[in-house]
Asks: 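Sharing a structure below in structure tokens format, with a few things to ask.
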Amino acid sequence: MKILNGKPISPGYAQGQAVILGIGDKKIASDRIEAGAIDDEIARFHAALESSRRELEQLQARVASELGESSAEIFSAHLLFLDDLQFIEQIENLVRTEHNNLEFAIQQATDDIARRLNEADDPYLRERSADMIDLQRRLLRQLSQAEKISLSRLSSDSILVTREVLPSDLLEFEPENLAGIITEIGGETGHAAILARALGVPAVSGITQATQLITPEAILLVNGQTGEVILEPEPSQLATSSTAKTHYDATTKEATDAESRECITLDGVGVRLLANVGRPFEVKQVLEHSLDGVGLFRTEYLFLGKQAAPSIEEQYDCFCHIARSLGGKPLVVRTADFGGDKWPRFLEPRFEANPNLGVRGLRFSLLASQDLFRAQMLAAILASREHDVRIMFPMVIGHTDLQEAISVVKEIACSEGIREIPPIGALIETPSAVFAIEEILQLSDFISIGTNDLTQFVLAVDRNALALIDDYTVLHPSVLRAVSRVIDAAVAAGKPVTVCGEAAADAGVAGLLVGLGVRRLSMSPANAARVRLALTASNLTTLEALAHAALRSESATAVSRLVTESLCNTLPQLGSGAITV
Ligand code: PEP
Ligand code: MG
């Protein structure tokens with residue numbers, strides 16, 4: 001038995017078997033092979049090529065049917081490499097002439113090709129470098145006994161252990177087929193957390209060297225409330241975890257049963273619950289969880305895995321498809337927030353020392369890629385003529401950038417002969433936007449508070465930094481004071497304000513936000529049931545008192561204690577879980 005401590009990034013409890021994805025940072029050791037073993041090693045290579053090809057073809061077909069042809073293009077480059085005779089020869093030579101073991105030869109050759117591609121003048125070739133690394137991972141996975149399982153065919157008690165969840169990985173997961181996720185890096189608002197919450201599975205991040213400490217098929221207990229992972233647990237620990245899981249599942253069921261109820265506090269205050277979605281098929285969860293619409297559609301996921309930007313028609317079809325499935329409920333299209341850790345492969349890579357503070361969000365749209373921005377705007381404007389589609393800009397800094405973006409929308413609408421533009425909102429996620437909130441409100445029809453980025457910028461803590469994982473918390477009084485200032489300004493201006501950062505998805509923190517004055521919360525749909533249960537069992541007066549005390553607190557720890565106590569008093573069955581944001 002061994003206890004590993006990490007950071008909880010998605011709530012719940014899981015028991016299951018480890019499935020290790022990737023090799024983390026580990027370099028494969030060179031292990032010289034005897035001449036007599038060469039043919040076997042080459043045969044293993046061809047078997048791995050063949051099974052990788054089958055896996056890629058299946059994946060390509062599935063993604064094409066679920067997400068469209070262009071999303072499936074990412075796999076074409078991988079398939080082309082598999083048929084490239086030079087690539088195959090390079091690896092065979094390392095085995096035949098250097099007597100390298102196959103895994104080492106694959107790592108050497110693919111690292112070398114990726115490095116050369118990355119140095120190429122042609123941007124198209126440079127982009128293929130990431131494909132080569134992806135393929136390396138797939139081939140090595142095929143060769144490792146433990147990783148023969150395809151990601152899309154995991155069993156329901158699989159606990160995925162990986163260094164980090166990459167945007168392209170998101171395409172491979174079948175919801176339902178995963179009990180839990182453990183990652184070495186990635187914060188509460190990173191891709192792993194967003195994926196885990198979208199799937200409703202517990203997840204823990206920040207387990208250093210998890211991919212090396214945990215062996216394939218090891219029995220694991222994952223506590224998504226505390227961040228504790230137990231490797232090869234004792235029978236008594238298994239029993240305790242089972243009881244906690246049963247209890248958690250029962251309260252989730254209770255929460256799910258209450259989903260048809262309107263979200264109204266005991267003293268009659270209505271709160272609208274909306275969904276954050278990133279992939280179009282997630283939209284079905286909006287109706288499943290009786291939500292009031294999509295408060296945040298992270299459109300960059302439409303671009304990330306692709307070889308070319310989706311056309312205006314494709315984006316228009318996608319927005320209309322989502323809006324139609326919402327049956328008249330609103331869809332807030334957030335324009336692509338490229339930069340930071342989200343960079344489409346069809347754009348020339350950009351090297352910035354601080355990508356989160358670089359050419360990102362609206363700055364990217366206005367400075368670096370007006371074409372992409374204009375195409376997306378036109379698609380959204382056209383969709384808004386038929387459906388309740390609204391536009392929101394990420395990483396707004398203040399009056400100037402917001403006004404420029406709005407002028408682009410007006411100009412596009414005018415050139416198409418469209419008189420009415422859709423409602424326009426600003427995502428408040430930079431400290432500058434907090435201090436410019438009055439001017440921003442004058443220009444906006446609505447605003448939404450992005451607590452994920454706002455927290456990282458207010459506290460100067462990288463939201464994905466493993467070493468700072470405990471310092472990154474929305475419950476820091478400075479973050480709450482910033483949030484409160486924005487809510488008060490919006491209420492005074494009579495403009496709708498939503499919170500769409502992950503903070504809204506935590507039952508305790510959601511209550512605190514309502515106490516601060518917000519009446520619209522947008523979150524991963526899987527978390528909505530617990531938020532609804534907590535809010536419908538609360539009184540606004542109690543939540544306001546909680547908010548008042550939180551704003552006057554001196555530390556995040558003190559606020560966390562207040563929130564947990566408040567939730568325990570309201571709903572003891574939910575309150576025992578740690579706050580995950
Ligand atoms: C946020 O920053 O809170 C937000 C909603 O945007 P994202 O998590 O996509 O950066
Ligand atoms: Mg953000």
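Please read these numbers as outputs of a predicted model, since none were measured by experiment. In listed order, ligands and their atoms are each counted from 1.
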Asks: Indicate, with yes or no, if the rings of F373 and F364 have centres closer together than 6.0 Å.
Replies: no
Asks: Looking at Q456 and N452, would you say the former's side chain and the latter's main chain have a donor-acceptor pair under 3.5 Å?
Replies: no
Asks: Pick one of side chain, backbone, both or neither for how I449 approaches ligand 1, counting any non-hydrogen atom pair under 4.0 Å.
Replies: neither
Asks: Taking the minimum heavy-atom distance to atom 7 (P) of ligand 1, which of Q456, M392, R334 ranks first?
Replies: R334
Asks: Just by modelled atom types, is the C500 backbone N or O under 3.5 Å from a matching donor or acceptor in the T498 side chain?
Replies: no
Asks: So that I can check it, does any N, O or S atom in D337 come closer than 2.8 Å to the Mg ion (ligand 2)?
Replies: no
Asks: Under 3.5 Å, side chain of T430 to main-chain N/O of A433, donor-acceptor pair present?
Replies: yes
Asks: Is there a donor-acceptor pair closer than 3.5 Å between any side-chain N or O of E352 and the backbone N or O of V359?
Replies: yes
Asks: Which of the numbered atoms in ligand 1 are under 4.0 angstrom from any heavy atom belonging to L296?
Replies: 5 (C)
Asks: Record the part of R298 in heavy-atom contact with ligand 1 below 4.0 Å; permitted values are side chain, backbone, both and neither.
Replies: side chain
Asks: Roughly, to 10 degrees, what angle do D453 atom OD2 and E429 atom OE1 form around the Mg ion (ligand 2)?
Replies: 100°
Asks: Only heavy atoms of E429, strictly under 4.0 Å: list the atoms of ligand 1 that pass.
Replies: 1 (C), 2 (O), 4 (C), 6 (O)
Asks: Which of the atoms in ligand 1, numbered in the order shown and given with their element, are less than 4.0 Å from a heavy-atom of C500?
Replies: 5 (C)
Asks: Taking 4.0 angstrom as the limit and counting only heavy atoms of R463, give me the atoms of ligand 1 inside it, by number and element.
Replies: 2 (O), 7 (P), 8 (O), 10 (O)
Asks: Quick one: does K329's side chain have a donor or acceptor within less than 3.5 Å of a partner on L291's backbone?
Replies: yes
Asks: Does R530 count as lying over the ring of Y248, i.e. NZ or CZ under 6.0 Å from the six-ring centre, within 45 degrees of the axis?
Replies: yes
Asks: At less than 4.0 angstrom from any non-hydrogen atom of G501, what atoms of ligand 1 do you find?
Replies: 3 (O)
